[in-house]
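Indexing begins at 1, ligand by ligand and atom by atom, following the structure's order.
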Amino acid sequence: MNFYTLITGASTGIGKYLAEDFARMGDNLVLVARSKDKLEALAGELRRTCGVEVHVCAQDLSAVDAAAKVFEFCEQKGLVIDKLVNCAGFSVAGDFERMDEEMFVQMATVNMVAVVALIRLFLPAMRVRRRGTVVNIASLAGFQGVPGMAAYSATKAFVVNLTEALSIELQGSGVRIFAVCPGFIDNDLFYSRAGHDRSRIIVPVSSPEVVVKAVRKGLAGKALLILPTFFDRLMVFSQRFVPRKIAAGLAGVFAGAREK
Ligand SMILES: NC(=O)c1ccc[n+]([C@@H]2O[C@H](COP(=O)([O-])OP(=O)(O)OC[C@H]3O[C@@H](n4cnc5c(N)ncnc54)[C@H](OP(=O)(O)O)[C@@H]3O)[C@@H](O)[C@H]2O)c1
């Protein structure tokens, strides 16, 4: 049986790095995002350089039926998804009350609803095969509220809790789920889309490769929530010793995402 790794958000940033890494490891791919041209270009390059099969499924995951369309695409082509990587997502920075309502709905749909919908669609067949892996790209922002990124941090807390709970529900099924929870990653597109002035971030910003390494680590081991860097681990560990209000306040200062 030919297996495929499905990666959402594969057109740019972390998802693109992940697609390149999975292809180098010999995985056949299904790439999902809105930018069909970027996905096609990446698919062509990966077919040529890695000799793997790559399918492109351009979908807007902020549409409620998009996950079902992605699933149908795979069913029609007979593509068996063995790894599902939920990477598509975006942030909106700034003061909560000024957030555009439509942006909030889109972010909630892409960061949470689509993740749930895709897992629910692809999980049953993984359970039947008694093999498969779900990888969720969450965020360090999911470990405490981040002032200036209140709704975004809440969507990532959702992904963290979802992953934790499902990992228990999946025990003994042969299917694994884990989440990678990066701190700030060097990707100007992510910050410009969020309206987040990157120069105001006062903590280390890591390269996307640290996320790729963390995903590899997750696939090779048994960890549930992977914090890619020492700084990420230090941040989460130190939260044990301070009230949550202080952790959230500090996260807001570090992120510098509040309007001046
Ligand atoms: N960058 C960071 O500092 C950071 C830190 C922690 C976690 N993360 C998480 O890592 C993931 C990837 O972020 P990134 O830094 O790689 O950002 P990015 O370069 O902006 O990539 C986001 C990806 O999601 C896709 N996407 C966005 N909206 C979509 C929609 N409506 N429908 C389908 N696809 C959509 C984008 O593709 P199209 O525009 O082509 O649709 C793109 O491929 C996100 O979940 C993010 O929350 C990022």
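The protein atom (non-hydrogen) at minimum distance from atom 37 (O) of ligand 1 is S11 OG, 2.9 Å. Counting only heavy atoms of the protein, atom 40 (O) of ligand 1 lies nearest to S35 OG, 2.4 Å. Closest protein heavy atom to atom 47 (O) of ligand 1: Y152 OH, 2.6 Å. Scanning the protein for heavy atoms near atom 13 (O) of ligand 1, the closest one is F190 CD1, 3.9 Å. For atom 11 (C) of ligand 1, the nearest non-hydrogen atom of the protein is C87 O, 3.0 Å. With respect to atom 27 (C) of ligand 1, the closest heavy atom belonging to the protein is R34 NH2, 3.6 Å. The protein heavy-atom contact nearest to atom 42 (C) of ligand 1 is T12 OG1, 3.3 Å. If you check which protein heavy atom lies closest to atom 22 (C) of ligand 1, you get G89 O, 3.6 Å.
Residue contact annotation: A10 has a non-hydrogen atom under 4.0 Å from ligand 1. The closest approach between a heavy atom of R193 and any atom of ligand 1 is below 4.0 Å. Ligand 1 lies less than 4.0 angstrom from a heavy atom belonging to G183. Not close to ligand 1: Q106, with no non-hydrogen atom less than 4.0 angstrom away. The closest approach between K16 and ligand 1 stays at or above 4.0 Å for every heavy atom of the residue. Note on ligand 1: Y17 sits outside its first shell, no heavy atom being nearer than 4.0 Å. In this structure, A138 counts as a contact residue of ligand 1, since one of its heavy atoms falls inside 4.0 Å of the ligand.
Side-chain contact, S207 with D186: no donor N or O sits under 3.5 Å from an acceptor N or O. With hydrogens and angles left out, the side-chain atoms of S35 and D37 include no donor and acceptor closer than 3.5 Å.
Taking both residues in full, the closest heavy atoms of L61 and A66 are given as CA-CB, 3.8 Å, listed atom of the first, atom of the second, then distance. Closest of all the heavy-atom pairs between C50 and R24 is SG-N, 3.9 Å. For A23 against L29, the heavy-atom pair with the smallest separation is CB-CD1, 4.0 Å.
When only interatomic distances are considered, the shortest N/O to N/O separation between L61 and ligand 1 falls below 3.5 Å. Between P182 and ligand 1, not a single N/O pair is under 3.5 Å apart. At a 3.5 angstrom cut-off on N or O pairs, G9 counts as close to ligand 1.
Taking hydrophobic clusters as Ile, Leu, Val, Met, Phe, Trp and Tyr residues chained together by side-chain heavy-atom distances below 4.5 Å, I226 does not share a cluster with I119.
In K156, the part holding a heavy atom less than 4.0 Å from any atom of ligand 1 is the side chain. If you look at I185 next to ligand 1, the close heavy atoms, those under 4.0 Å, come from the backbone and the side chain alike.
In this structure, R127 forms no cation-pi arrangement with F122, as its terminal cationic atom is not both closer than 6.0 Å to the ring centre and no more than 45° off the ring axis. By the 6.0 Å and 45° rule, K77 stacks over the aromatic ring of F73.
Using a cutoff of 4.0 Å between basic side-chain nitrogens and carboxylate oxygens, E259 and R98 are scored as salt-bridged.
Atom CZ of R129 has more than 12 heavy atoms from other residues, nucleotides or ligands within 6.0 Å. Residue-environment remark: CZ (F241) exceeds the threshold of 12 foreign heavy atoms within 6.0 Å.
None of V32, D82, L79 except one satisfies the side chain to side chain contact (heavy atoms under 4.5 Å, CB included) rule with L6; the exception is V32.
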